[in-house]
Protein chains: 2
Amino acid sequence: MTTRRDAVHDTLRQSEGFRSAQDVYAEMRQHGAKIGLTTVYRALQALADGGHVDVLRTDDGESVYRACETGEHHHHLVCRRCGRTVEVAGPAVERWAETVGTEHGFTEITHTVEVFGTCSSCSRTPRPA
Amino acid sequence: MTTRRDAVHDTLRQSEGFRSAQDVYAEMRQHGAKIGLTTVYRALQALADGGHVDVLRTDDGESVYRACETGEHHHHLVCRRCGRTVEVAGPAVERWAETVGTEHGFTEITHTVEVFGTCSSCSRTPRPA
DNA sequence: TGCAAAATGAAAATGGTTGTCAAAGTCGAC
DNA sequence: GTCGACTTTGACAACCATTTTCATTTTGCA
Ligand SMILES: [Zn+2]
Ligand SMILES: [Zn+2]
Ligand SMILES: [Zn+2]
Ligand SMILES: [Zn+2]
């Protein structure tokens, strides 16, 4: 029953970085999969809701997904050129967020933290412009 | 020449939290301002590009803007209920981001950090559901 | 005053995402 | 094995924030 969802999950697992719904859809069709775009969107949503994949928004507002190794809370170091992504932990950041929120009387504190950069492989190739 | 842009900036300054382009447009019209939606979008973009206002994306992909007090690099503690926003500094986070990026061979490191919570005023009102 | 360049905004286009709904698949009950 | 209730699927249309177009002001300046 979850064949489609698993297929989407698998496709995501084979990707190095974050991929958009349209990316995943295109790739699956490329590999001969018989699936609709709507279903890909639904599968990704379900996977995200269930905490099986991570989601974030690109600068241009697109949602991108990634099947991370660890199920625990973590953040990402993403290459802005090629998308290569490294999962990173930040105990100091976790504490800081909690503290700063509490200090101002806020409760139920959450946070979003992403780090971007140019990876070593990409910084070797000629500059963009 | 920058009359419109200043008007948009002023409207933003009178707001406590982050506001969307449509919000700003609606409020300006409410107050009798003669301005088009396109111009509001352009003004906000220009202000953001010039570093005069901060931008971030809501969970549903909308861009929201805020005229912050300080021009220096900072982050935000935002009430997810009423939008009240506090500007916060996080030297530890700045260092952590730089370090974690460098450790993995990344250069030109940037980061996005936002903290969300329920402010003391809001946590006094009855629970949502 | 004259006019080229910049700003404006109404309307149309864009594009990712979600809603609709009829067709296809699932599965236990009989 | 068949039937019917329920779920899943996906082509297509609808949404909606944002961008593009482009004709019409407005501005800056000689
Ligand atoms: Zn790279
Ligand atoms: Zn964290
Ligand atoms: Zn609040
Ligand atoms: Zn910072």
Side-chain angles (χ1 to χ4, degrees), chain A residues 1-12 15 17-67 78 80 83 85 112 114, chain B residues 1-12 15 17-67 78 80 83 85 112 114:
Chain A
M1 65 177 90
T2 49
T3 332
R4 308 306 175 114
R5 183 152 63 202
D6 286 340
V8 168
H9 200 174
D10 286 344
T11 301
L12 219 47
S15 301
F18 283 84
R19 311 293 303 274
S20 73
Q22 316 253 2
D23 279 349
V24 173
Y25 171 69
E27 185 158 323
M28 292 183 76
R29 298 294 292 226
Q30 209 97 95
H31 287 269
K34 184 171 156 291
I35 192 171
L37 181 57
T38 308
T39 305
V40 173
Y41 271 105
R42 278 194 287 240
L44 288 172
Q45 251 166 358
L47 288 167
D49 287 351
H52 297 106
V53 305
D54 285 1
V55 201
L56 61 84
R57 293 258 176 190
T58 63
D59 282 340
D60 53 327
E62 210 177 7
S63 290
V64 287
Y65 305 82
R66 181 171 194 268
V78 184
R80 67 169 64 83
T85 299
T112 66
E114 305 295 339
Chain B
M1 65 179 90
T2 49
T3 332
R4 309 305 175 113
R5 181 151 66 203
D6 286 339
V8 168
H9 201 175
D10 286 344
T11 302
L12 220 45
S15 302
F18 282 85
R19 311 292 305 273
S20 73
Q22 315 256 0
D23 280 347
V24 173
Y25 171 69
E27 183 156 325
M28 292 182 77
R29 298 294 290 227
Q30 210 96 95
H31 288 268
K34 184 171 157 290
I35 192 171
L37 180 56
T38 308
T39 305
V40 172
Y41 270 104
R42 278 193 286 241
L44 288 172
Q45 251 167 359
L47 288 168
D49 287 350
H52 298 106
V53 304
D54 284 1
V55 202
L56 61 84
R57 292 255 177 192
T58 63
D59 282 340
D60 53 326
E62 211 177 5
S63 289
V64 286
Y65 306 80
R66 182 172 194 266
V78 184
R80 67 168 67 82
T85 299
T112 66
E114 305 296 337

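Convention: sequence-line order gives letters A, B, ...; per-chain numbering from 1. All values derive from a computational prediction rather than experimental measurement.
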side-chain hydrogen bond (donor to acceptor under 3.5 Å, both in side chains) partners of [X], counting only residues at least two apart:
X: E62(A); result: none
X: Q45(B); result: none
X: T112(B); result: none

In whole angstrom, what separates [X]'s [atom1] from [N]'s [atom2]?
X: K34(A); N: dT9(D); atom1: NZ; atom2: C1'; answer: 9 Å
X: R5(A); N: dT8(D); atom1: CZ; atom2: C1'; answer: 11 Å
X: L56(B); N: dA17(D); atom1: CG; atom2: C1'; answer: 16 Å
X: L44(B); N: dA7(C); atom1: CG; atom2: P; answer: 16 Å

| R4(B) side chain to V40(B) backbone, donor-acceptor under 3.5 Å |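 No.
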| message | Is the phosphate of dT9(D) approached by T39(A) (side-chain N or O, under 4.0 Å from OP1 or OP2)? | response |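 Checking dT9(D) against T39(A), no side-chain N or O comes under 4.0 Å of OP1 or OP2.
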| For A48(B), side-chain contact (heavy atoms from CB on, under 4.5 Å) partners two or more places apart |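 Testing A48(B) for side-chain contact (heavy atoms from CB on, under 4.5 Å), a comparison that skips the adjacent residues, returns V53(B), V55(B), Y65(B).
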| task | With sequence neighbours excluded, tell me which residues meet side-chain contact (heavy atoms from CB on, under 4.5 Å) with D23(A). | result | R19(A), S20(A)
| query | What does nucleotides 10-24 of chain C look like as a protein-contact string, B for base, S for sugar-phosphate only, - for none, at under 4.0 angstrom between heavy atoms? | reply | BB----SBBB-----
